[in-house]
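These notes are about the structure you will find just below.
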Amino acid sequence: MVGTKTHGRRQPSLSQLRAFAAVAEHLHFRDAAASIGMSQPALSGAVATLEEVLGVTLLERTTRRVLLSPAGERLAVRAKAVLAEVGALMEEAEAVRAPFTGVLRLGVIPTVAPYLLPTVLGLFHARYPQLDLQVNEEQTASLLEGLTSGRLDLLLLAVPLGAPGVVELPLFDEDFVLVTPLDHRLGGRQGIPRQALREVNVLLLDEGHCLRDQALDICREAGRGISGAGRTSSAEGGGGREGVPVTTTAAGLSTLVQLVAGGLGVTLLPRTAVKVETARSEELRTGFFADPAPTRRVALAMRAGAARGAEYEELAEALRKALRSLPVRVLGPDAGQRPGAAHP
């Protein structure tokens with residue numbers, strides 16, 4: 001399909017814009033074609049026609065790679081914005097036509113997905129059988145990019161996000177607990193003071209996980225200084241002393257807990273993860289902090305002004321009820337945002 005004409009001037013088609021946006025994202029014709037279900041010759045032809053319609057060169061083609069031209073860099077942003085608006089138009093029409101039907105693209109962070117998805121999926125299957133739920137597990141930064149670009153519709157993650165144009169629908173607060181090796185002196189204790197974190201080796205997730213940042217915040221509150229990326233220092237002894245760099249990290253909570261079982265240190269887990277993760281080893285014990293325990297808040301997040309906003313709010317309320325069986329403190333829809341995830 002070639003561009004349409006408006007007042008005698010040809011206009012680009014949506015298929016041409018979609019093809020160009022895919023190439024701009026992947027910088028590879030085969031991968032771009034696969035991502036939008038188009039043949040490679042058809043995609044190449046669509047981009048070439050778009051260049052003809054616009055009168056500019058969008059791509060610099062070599063035998064080894066594809067690069068965006070300066071004009072392509074500028075117009076790729078516009079093309080993505082147009083496609084996002086068209087997607088919003090279709091989404092709004094779909095919402096008006098039949099609420100809780102069609103596709104819902106849900107993004108979930110890795111430290112929530114394994115522990116809440118059984119409840120979430122059960123709710124969707126029982127209550128919203130006409131919804132085509134598509135789940136994407138990604139880190140927070142990637143999820144926010146997906147939400148604002150229109151690639152994702154709704155997020156399930158830890159807050160606050162502090163992101164403009166994003167509305168948070170709070171679901172619950174949950175405590176952090178201390179997971180230790182079997183013979184650790186803090187293992188199994190109740191009422192552990194946060195200050196105890198000054199004296200132990202706290203194992204962390206890799207950079208990019210919000211749970212890593214929350215754990216570092218808790219350590220700071222306990223008086224354990226943080227210097228540089230991943231460096232910790234004790235607050236004891238006047239001005240404190242610089243500790244050793246963090247050299248052992250993990251990509252996921254399962255690996256983190258196994259490192260604890262192997263005696264490399266202790267770690268912090270949200271309560272919803274404890275049953276699943278500690279069941280993997282008999283070499284672990286769980287300790288509980290004194291009140292007020294460090295906590296995190298989990299919420300749904302949507303774009304401000306989302307066409308299906310009323311549906312998402314209804315979904316959030318249904319989730320609050322479904323989550324009451326978990327070890328969390330369910331919140332009302334009007335719960336205020338806290339200054340930080342690690343604060344009580």
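Residues L147 and V166 form a side-chain contact, since some pair of their non-hydrogen atoms from C-beta on lies under 4.5 Å apart. At a threshold of 4.5 Å between non-hydrogen side-chain atoms, the residues R320 and P333 count as touching. Taking 4.5 Å as the limit, some side-chain heavy atom of L59 sits within range of a side-chain heavy atom of F20. With a 4.5 Å cut-off on side-chain heavy atoms, L104 and F124 count as touching.
Taking each heavy atom of G265 and V260 in turn, the nearest pair found is O-CG1, 3.3 Å. Between L157 and I109, the shortest heavy-atom distance links the atoms CB-CG2, 3.7 Å. Heavy atoms only, all atoms of each residue included: L161 and A301 are closest at CD1-CB, 4.0 Å. For the residue pair A22 and I36, the shortest heavy atom distance occurs at CB-CG2, 4.0 Å. Nearest approach of A84 to S149, heavy atoms of both residues: CB-O, 3.6 Å. The shortest non-hydrogen separation linking E60 to P70 is OE2-CD, 4.0 Å.
For the pair E168 and R297, the salt-bridge criterion is not met [side-chain N within less than 4.0 Å of a carboxylate O]. Using a 4.0 Å cut-off between a side-chain N of Lys or Arg and a carboxylate O of Asp or Glu, K80 and E73 do not qualify as a salt bridge. A salt bridge does not link R308 with E314: every distance from a Lys NZ or Arg NE/NH1/NH2 to an Asp or Glu carboxylate oxygen is 4.0 Å or more.
Evaluated for a side-chain contact (heavy atoms from CB on, under 4.5 Å) with L256, the options T111, L204, L203 yield exactly one hit, L203.
Within the 3.5 Å criterion, the main-chain N or O of Q139 finds no donor-acceptor partner in the side chain of S142. A donor-acceptor pair under 3.5 Å is absent between the side-chain atoms of S44 and the main chain of Q40, judged by distance alone. Checked by atom type and distance alone, the side chain of H26 never pairs as donor or acceptor with a backbone atom of H28 at under 3.5 Å. The closest donor-acceptor contact from the side chain of T119 to the backbone of L323 lies at 3.5 Å or more, if one exists at all. Judged by distance alone, with hydrogens and angles left aside, the side-chain atoms of D173 form no donor-acceptor pair with the main-chain N or O of V330 at under 3.5 Å. Judged by distance alone, with hydrogens and angles left aside, the side-chain atoms of R18 form no donor-acceptor pair with the main-chain N or O of S13 at under 3.5 Å. No side-chain donor-acceptor contact under 3.5 Å links E137 to the backbone of A113. Using modelled atom types, one side-chain atom of S69 and one backbone atom of T57 make a donor-acceptor pair closer than 3.5 Å.
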Compile the donor-acceptor pairs under 3.5 Å between side chains in residues 174-184 and protein atoms, sequence neighbours left out, one pair per line.
residue: E174; atom: OE1; partner: R271; partner atom: N; Å: 3.2
residue: E174; atom: OE1; partner: T272; partner atom: N; Å: 2.8
residue: E174; atom: OE1; partner: T272; partner atom: OG1; Å: 2.8
residue: E174; atom: OE2; partner: T272; partner atom: OG1; Å: 3.2
residue: E174; atom: OE2; partner: R296; partner atom: NE; Å: 2.8
residue: E174; atom: OE2; partner: R296; partner atom: NH2; Å: 3.0
residue: D175; atom: OD1; partner: R329; partner atom: NH1; Å: 3.0
residue: D175; atom: OD1; partner: R329; partner atom: NH2; Å: 3.0
residue: D175; atom: OD2; partner: R329; partner atom: NH1; Å: 3.4
residue: H184; atom: ND1; partner: L186; partner atom: N; Å: 3.0

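To the nearest 0.5 angstrom, L169 atom CG is 10.5 Å from E317 atom CD. To the nearest 0.5 Å, atoms CG (L58) and CD (E51) are separated by 4.5 Å. Considering OG1 of T267 and CG of L205, their distance stands at 6.5 Å, rounded to 0.5 Å.
Residue V298 is not grouped with residue L331 when hydrophobic side chains (ILVMFWY) are merged at heavy-atom distances under 4.5 angstrom, including chains of intermediate members. V103 and L14 are assigned to two separate hydrophobic clusters, defined by single-linkage of ILVMFWY side chains at heavy-atom distances under 4.5 Å. Hydrophobic cluster membership is shared by L121 and L116, with clusters built from Ile, Leu, Val, Met, Phe, Trp and Tyr side chains linked at under 4.5 angstrom.
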Derivation and outcome, side chain to side chain contact (heavy atoms under 4.5 Å, CB included), residues Q134 and D132: CA-CA 6 Å; Q134 299 176 1; D132 178 11; 3.6 Å; yes

Verdict with supporting geometry, E199 and R185, salt bridge (charged side-chain N to carboxylate O under 4.0 Å, His left out): CA-CA 11 Å; E199 307 160 2; R185 60 183 178 80; 3.0 Å; yes

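More than 12 heavy atoms of other residues, nucleotides or ligands shown are found within 6.0 angstrom of CZ on R280.
Side chains of E277 and S254: a donor on one and an acceptor on the other come within 3.5 Å.
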